[in-house]
Amino acid sequence: MFNKPRTTAILLALPLTAFILVTFVAPLGSMFMRSLYDPLVADIMPGTVAALAQWDGTGLPSEQVYALAARELERAREERTIGKLATRLNRDTSGLRSVITRTGRALKRKGGAPWSESLPTLHAAWGEPAIWQALARTGARVTPVYYLNAVDLTFDGSGAIVRQPEERRIYATLFIKTLRVSLTITLLCLIIGYPVAYLIAQAPPRQGRLLLVLVLVPFWTSLLVRTTSWIVLLQQQGVVNDLLVWLGLAPDDQRLTMIHNMTGTLVAMTYVLAPFMILPLYSVMRGIPAVQMQAAASLGASWPRAFYRVYLPQSLPGVGAGCLLVFILAIGYYITPALVGGQSGQLISNFIAYHIQTSLNWGLAAALGCVLFVAVLLLFLLYDRVLGIDRMRLG
């Protein structure tokens, strides 16, 4: 039976549904696809990849595989895809870019059958199993290699999963560091934001509106401007150091280093994200009747006891909403750490941006993003199980 109100509601919701699908679900699905699907090597060297699938990975492959590789490398040079192939193989095994490009240039002049003897004369790497193992690994269209790299693991020559060499183990440490920094910033925002939100909620209406406007002022200022202003404030010849020297708290020749390190990252990100803690807290606190504290005081409770037993439990939904909002925003920030954090203040988001914009290793960037997404999702589920998402309120 036709239900007109229900149909109307569905039609009204369609634009929002389409917007969510286009701006959230589709990019998320594309990110997951890129983190697993990489057909580049299989598309450029299909015959070689198919032949290597029958190879046991030990010793050297047959003359037929050498011939297929030589023919497909020459075709890749003619089609100008050999650069992409070299870049992809170099991500798997360092040094293969020069092997592929040098071989591509020399094939036409010096190559010829038998290829199992000719290719090693073009570059000695073709006489070693490592390059063929790399071709076999990267030839898979669906591969977990990006996820392994994202947690500092890789395949060895026999195909077993092992840890990356020590000098290449950076991402697992960065994930832990990012979670630690995000939790620290969330705690700092809570420590700063709770008293401010309480003050605004308890202030007379006129003063409360003025304080609320002061909290909202950062939202009306560009994030880039707010972040770079901290460089002026925190640098060694900046306002904060000048004030400390003027007050005699620091010698002029021993000014504090508060920029391009973790201190700068914590200060700037706490400032930027504090309003996201204050506003949910204020929204919840505004709904707590003031007479409850007065009633508790009339029954003999001291102010700390009344606050702990009466006021604080009712404000916890705002605490949960603010903490969750600040933590999720903090874990994905990269502009602020990039500008004020320096090398020691970089977070995992900065490396995701680097692989997207500079190294163009989109597969690894997608894998790092997926790992970060799953980590946040698990923390969200943990929050729901311990505190209950239904208790979280924004007002």
Side-chain angles (χ1 to χ4, degrees), residues 25-55 57 61 65 68-69 71-73 75-101 103-104 125 129-165 168-172 174-175 348-349 351-375:
V25 177
L28 196 62
S30 176
M31 181 177 70
F32 276 106
M33 179 65 71
R34 282 187 179 276
S35 67
L36 287 170
Y37 184 68
D38 187 0
L40 191 144
V41 176
D43 288 344
I44 295 177
M45 302 185 71
T48 305
V49 170
L52 287 174
Q54 312 300 320
W55 179 50
V65 178
L68 284 169
R71 185 161 59 248
E72 290 175 338
L73 282 172
R75 185 174 69 240
R77 181 183 59 79
E78 293 171 356
E79 296 175 354
R80 299 189 177 183
T81 57
I82 196 167
K84 295 180 180 180
L85 176 66
T87 300
R88 175 64 187 91
L89 289 171
N90 195 70
R91 290 172 186 162
D92 180 88
T93 305
S94 180
L96 288 189
R97 179 195 294 271
S98 62
V99 175
I100 298 298
T101 53
T103 303
I131 190 170
W132 300 104
Q133 292 165 353
L135 279 168
R137 282 194 303 270
T138 57
R141 293 179 182 271
V142 179
T143 173
V145 68
Y146 291 123
Y147 282 102
L148 293 177
N149 288 336
V151 291
D152 294 336
L153 299 175
T154 187
F155 290 110
D156 64 5
S158 64
I161 297 175
V162 296
R163 296 188 70 185
Q164 290 273 14
R168 299 187 67 178
R169 297 175 196 167
I170 56 175
Y171 298 119
L174 269 175
F175 275 117
I348 193 66
S349 53
F351 280 81
I352 294 174
Y354 167 77
H355 287 304
I356 291 175
Q357 299 170 352
T358 304
S359 74
L360 302 182
N361 191 350
W362 291 0
L364 180 55
L368 291 170
C370 289
V371 172
L372 191 61
F373 174 79
V374 171

Do Asp38 side-chain atoms and Arg141 backbone N/O form a donor-acceptor pair below 3.5 Å?
no
Do the non-hydrogen side-chain atoms of Arg163 and Leu153 ever get within less than 4.5 Å of each other?
yes
Can you tell me how far CZ of Arg88 sits from CG of Leu40, rounded to the nearest 0.5 angstrom?
8.0 Å
Any chance you could measure Asn361, atom CG, to Arg91, atom CZ, to the nearest 0.5 Å?
4.0 Å
Which value, rounded to the nearest 0.5 Å, describes the distance between Leu368 atom CG and Phe373 atom CZ?
15.0 Å
Closest non-hydrogen contact found for Ala134 with Asp92 is CB-OD2, 3.5 Å
In the structure I gave you, are the side-chain heavy atoms of Arg97 and Thr87 within less than 4.5 Å of one another anywhere?
yes
Quick one: do Val151 and Tyr171 satisfy side-chain contact (heavy atoms from CB on, under 4.5 Å)? Show the steps, please.
CA-CA 6 Å; Val151 291; Tyr171 298 119; over 6 Å; no
More than 12 heavy atoms from other groups under 6.0 Å of CH2 on Trp362:
no
Side chains of residues 26-35: which donor-acceptor pairs under 3.5 Å do they make with residues two or more places apart or in other chains?
residue, atom, partner, partner atom, Å
Ser35, OG, Phe32, O, 2.6
Ser35, OG, Tyr147, OH, 2.6

Mutual orientation of the aromatic rings belonging to Phe351 and His355 [parallel < 30°, tilted 30-60°, perpendicular > 60°]
tilted
Non-hydrogen atoms of Ala86 and Thr101 that approach each other most closely
CB-CG2, 4.0 Å
Test log, rule side-chain contact (heavy atoms from CB on, under 4.5 Å), inputs Asn90 and Ile100
CA-CA 9 Å; Asn90 195 70; Ile100 298 298; over 6 Å; no
For a side chain to side chain contact (heavy atoms under 4.5 Å, CB included) with Arg137, tell me which candidate from Thr93, Leu89, Thr143, Thr154 qualifies.
Thr93
Please name the pair of heavy atoms, one in Ala365 and one in Ile352, separated by the smallest distance, quoted to 0.1 Å.
CB-O, 3.9 Å
Nearest atoms (heavy-atom pairs only) where Leu73 meets Met45:
CG-CE, 4.2 Å
side-chain contact (heavy atoms from CB on, under 4.5 Å) between Thr81 and Arg75, intermediate numbers included
CA-CA 9 Å; Thr81 57; Arg75 185 174 69 240; over 6 Å; no
May I have the step-by-step check of side-chain contact (heavy atoms from CB on, under 4.5 Å) for Leu96 and Val99, ending in yes or no?
CA-CA 5 Å; Leu96 288 189; Val99 175; 4.2 Å; yes
Taking side chain to side chain donor-acceptor pair (under 3.5 Å) as the test, write out the residues that go with Arg71, two or more places apart.
none
Scanning both residues in full, the closest heavy-atom pair of Glu72 with Thr48 reads OE1-OG1, 2.6 Å
Which atom pair, heavy atoms only, marks the closest approach of Arg169 to Gln164?
NE-O, 2.7 Å
Once you round to the nearest 0.5 Å, how far does CG of Asn149 lie from CG of Leu364?
6.0 Å
Mind checking whether Gln54 and Pro61 have side chains closer than 4.5 Å, heavy atoms only?
no
Val41 side chain reached by Val49 side chain, heavy atoms, under 4.5 Å
yes
